[in-house]
Amino acid sequence: MRGPCVALLLFACLVAARNAWGVEVSGTVVDDQSRAPVAGADVIVSSSTTQWRLATDEAGRFVVDVPAGRARIRLLSLDHQALTAEVEVAEGMEPLQLSLISATYDEVVVLYYEDPDPVVTKRSVTSAEVARVPGAFGDPVRVITSLPGAARPPFGSSQVIIRGGNDDDTTVFIDGVEVPIVYHVLGYRSVVHPSMVAEVDFLPGVFPSRYGDTTSGVIDIQTRADWSDQWETTAQVDLLDASASVRGTVADTVGVAASVRRSYIDAILSATSNDFVLPRWFDYQLQLQTLWDSPHTLRLVVFGLDDRLGVEGSDFGITTSTGSHRGVASWVYEPTGRFKLLVQPSVGWDDDRFGVTTAASVVERGLRLGLRSEARWTPNPHWVVVGGVQVQSSNLELQASLPFDPAGPGGSAFETADARWVAQPDPYVEVQLRPAMPRGQLVVNAGVRAESMWREGLDPELGVSPRGSVRWDLGRGVTLKAGAGMAHQMPSTQALAFSADTQLALERAYTAEVGWEQALGRIATFDAVVYGRQMERIATQQFGAPSFDNDGIGRAYGLELLLRKVPEGRLFGWVSYSLSRSERISDPQTSDDWLLYDLDQPHNLIAVAGYDIGKGWDLGARFQFTSGNPYTPYDGAVFELSDGTYTGTLADQVNSARLSPYAALDLRISKTWTSRNGEARIYLDLLNVVQGENPEFLLDAYDFSETAAVTSLPFLPSPGIQLDWRF
């Protein structure tokens, strides 16, 4: 018996050694457009302690033994954009199928073999699509407005309206840190340069518990953390602005990246006017990251923006300015592929100003401090446990000056000033379960977040936000999904500032959604989601006073459809349709009539398509049809004999009329020349080639007998050039 025992013991040791030190990871690398194998591509596989480097064979294949746990795969090819993919290495895993995007297109994303966030609704697009969407100007964040769930904002607005929520119900994160806006003034540019963006997650539904202080949706922008052996530089100039960026490594131990962008519409037209300057925006980003072979990674990201419309103190009319700056430091400790610790302190400053001529002004500004600490533990391939705490604190200052007293008619001028600290220490925990069944068949996610608001001089406000979702892959390309949860958020900074001594509660919302995804072979995918939202304790302004209370309630519900061509081959595109309704009651104690929300848009249809003609030529088109926004009309006027003027009388029903629909067609044509070290692209965006009446709002005659529409942007050709090179 001694021989068989020794053999069994030796076999067990070999099995244990294989499980501990090596799981076979194989894959095939192909070109994103032609689907041809990419031979000779460098494959760099990194675990928490070791790194392997190999090359694909003539069939684009590679095989390597990697320890079980989380690993990162880096693909490099001279004729393609670099790609980083994070995978969960486990026995029995299927071969990877990886696509490299031609160097003609901008890089955009960290691609996941297995989505770490099993949310119900998470929408994104590839870099190849971003570069070809008319009006997006190669900006991945801009494409959000072409996806289901996002309403069309008013012209000139940087708002993001998701699923019938208020304009401050959507929270924007950059590398996990909250920022005040995502789009510059006019809404044509995001606040992060495209070359710095790795991934943009658009979460309009039940989002994970690590996101807080938001009730409607999340836009999570993650900056790039990949570094190649060459320096990458980009320069771009078009009708709106000019920008430049650079990315590379110093001594192969520190990654460095920087970008800057400045509009120049104001510089061109300021010579014609001393009182009014058209919108101006500016943004910058700087990244530093350690690249040494260690379980410790240090990272520093600094970014900011400055937007202005008009000149402060001028007699022209409305003037606004927004300034925001952030510094984010990160320490990531990943001793094994099963455990990851993140500690991320941040500091920032916001300054928001609004004025009407020289008579009225409102200034909101404050110091922002933050700290996030999060641990992620993967005990086995079927469980993931995430726990952490996010602390946000700000010293909110308000200065307001109005030419009238909001508390009553005929009063004198109104002035107020206040400064106090507001803190939000929010712990959270989340569990992801993947039962032991065929890979990816069932994914369950459940979490809870304790949300709070501590205002200096007032009692704390607390709320518990449980959330959960499930995705069930039935096979044959069919996936069912559902989610439900509660979320809390602080009232707007305006509500807090004007209600300094009022005990405002956290706003609250309940969300439920169910959906169905269908893969239509390798050609297309179809996604359908039905949702409902109930909003409570909305901070609303009290009649005849500047202060706010929590009496408002709201509801929104709808259907979202997305038919998308798989982004392979010469043709790309999608059709997005949202059917929705959003309503409000400002004070249920005085009225139980549901009124349409100011940005209620029942129908929102968007079709995007592009075709690669060949030889570097590419065509793109985007069509949008959206219902007009509701408004309250005047049903008459009263003539004042004393001064000979008319005073309009509003209709009894608020938002009882609706503007004409918005309809517009945008086109884009581009030509790209590619060399071994870079590429040059010229392009022409033709905005509003065909458009409807497209009123943004109405102006009334002096006697309120007639109205005239102020329309949206007219036909606008925007030529541009972009240069990308590597050295």
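Quick note: numbers below take in every heavy atom, side chains included, and nothing from hydrogens, waters or symmetry partners.
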Evaluate the side-chain proximity of [Y] to [X]: yes if any heavy-atom separation is below 4.5 Å, no if none is.
{"X": "Thr322", "Y": "Thr320", "result": "no"}
{"X": "Val384", "Y": "Arg376", "result": "yes"}
{"X": "Val197", "Y": "Ile221", "result": "yes"}
{"X": "Val386", "Y": "Glu374", "result": "yes"}
{"X": "Arg262", "Y": "Tyr284", "result": "no"}
{"X": "Asp283", "Y": "Gln285", "result": "yes"}
{"X": "Leu54", "Y": "Val64", "result": "yes"}
{"X": "Trp617", "Y": "Ile669", "result": "yes"}

Stepwise, does the side chain to side chain contact (heavy atoms under 4.5 Å, CB included) test hold for Val45 with Arg72? CA-CA 6 Å; Val45 183; Arg72 177 174 296 152; over 6 Å; no

Does a side chain donor of either [X] or [Y] reach within less than 3.5 Å of an acceptor in the other side chain?
{"X": "Gln722", "Y": "Thr234", "answer": "no"}
{"X": "His296", "Y": "Ser294", "answer": "no"}
{"X": "Glu178", "Y": "Tyr211", "answer": "no"}
{"X": "Ser195", "Y": "Ser245", "answer": "yes"}
{"X": "Thr672", "Y": "Arg681", "answer": "yes"}

As an exercise, state the distance from [atom1] of [X] to [atom2] of [Y], rounded to the nearest 0.5 Å.
{"X": "Arg668", "Y": "Leu687", "atom1": "CZ", "atom2": "CG", "answer": "10.0 Å"}
{"X": "Asp724", "Y": "Asn677", "atom1": "CG", "atom2": "CG", "answer": "12.5 Å"}
{"X": "Ile181", "Y": "Trp281", "atom1": "CD1", "atom2": "CH2", "answer": "11.5 Å"}
{"X": "Ser99", "Y": "Leu83", "atom1": "OG", "atom2": "CG", "answer": "8.5 Å"}
{"X": "Ile721", "Y": "Leu684", "atom1": "CD1", "atom2": "CG", "answer": "13.0 Å"}
{"X": "Lys671", "Y": "Ile682", "atom1": "NZ", "atom2": "CD1", "answer": "8.5 Å"}

Do [Y] and [X] meet the salt-bridge criterion of a basic N to acidic O distance under 4.0 Å?
{"X": "Arg564", "Y": "Asp527", "answer": "no"}
{"X": "Arg338", "Y": "Glu88", "answer": "no"}
{"X": "Glu232", "Y": "Arg224", "answer": "yes"}
{"X": "Arg308", "Y": "Asp306", "answer": "yes"}
{"X": "Asp241", "Y": "Arg189", "answer": "yes"}

Output, in order, the C-alpha distance, side-chain angles, deciding distance and verdict of side chain to side chain contact (heavy atoms under 4.5 Å, CB included) for Leu562 and Trp574. CA-CA 7 Å; Leu562 179 62; Trp574 65 84; 3.8 Å; yes

Where do [X] and [Y] come nearest, in terms of heavy atoms and distance?
{"X": "Asp31", "Y": "Val38", "value": "N-CG2, 3.6 Å"}
{"X": "Ala375", "Y": "Leu341", "value": "CB-CD1, 4.2 Å"}
{"X": "Asp350", "Y": "His325", "value": "OD1-N, 4.4 Å"}
{"X": "Pro180", "Y": "Arg326", "value": "CD-NH2, 3.8 Å"}
{"X": "Val141", "Y": "Tyr183", "value": "O-OH, 2.8 Å"}
{"X": "Leu98", "Y": "Ala85", "value": "CD2-CB, 4.4 Å"}

Under the 3.5 angstrom rule, does the side chain of [X] hit a backbone N or O of [Y] as a donor-acceptor pair?
{"X": "Asp42", "Y": "Leu76", "result": "no"}
{"X": "Trp349", "Y": "Gly323", "result": "no"}
{"X": "Thr233", "Y": "Trp725", "result": "yes"}
{"X": "Asp307", "Y": "Val185", "result": "yes"}

cation_pi(Arg247, Trp227) dist<6.0 Å, angle<=45: yes

Evaluate Arg622 against Ser146 for side-chain hydrogen bond (donor to acceptor under 3.5 Å, both in side chains), listing each step before the verdict. CA-CA 9 Å; Arg622 178 183 183 272; Ser146 297; 2.8 Å; yes

Identify, with sequence neighbours excluded, every residue that meets salt bridge (Lys or Arg N to Asp or Glu O under 4.0 Å) alongside Asp175. Arg299

Could you walk me through whether Leu305 and His184 satisfy the side chain to side chain contact (heavy atoms under 4.5 Å, CB included) test, starting with their C-alpha distance in whole Å, then the side-chain angles of each, then the deciding distance to 0.1 Å, before giving a yes or no? CA-CA 8 Å; Leu305 64 99; His184 285 297; 3.9 Å; yes

Is there a side chain to side chain contact (heavy atoms under 4.5 Å, CB included) between Ser330 and Val328? Walk through the geometry before answering. CA-CA 7 Å; Ser330 302; Val328 185; 4.3 Å; yes

Parallel, tilted or perpendicular: which fits the ring planes of Tyr333 and Phe339, with parallel below 30° and perpendicular above 60°? perpendicular

Determine whether more than 12 heavy atoms belonging to other residues, nucleotides or ligands lie under 6.0 Å from atom CH2 of Trp377. no

Does CD1 in Ile523 sit with more than 12 non-hydrogen atoms of other residues, nucleotides or ligands closer than 6.0 Å? no

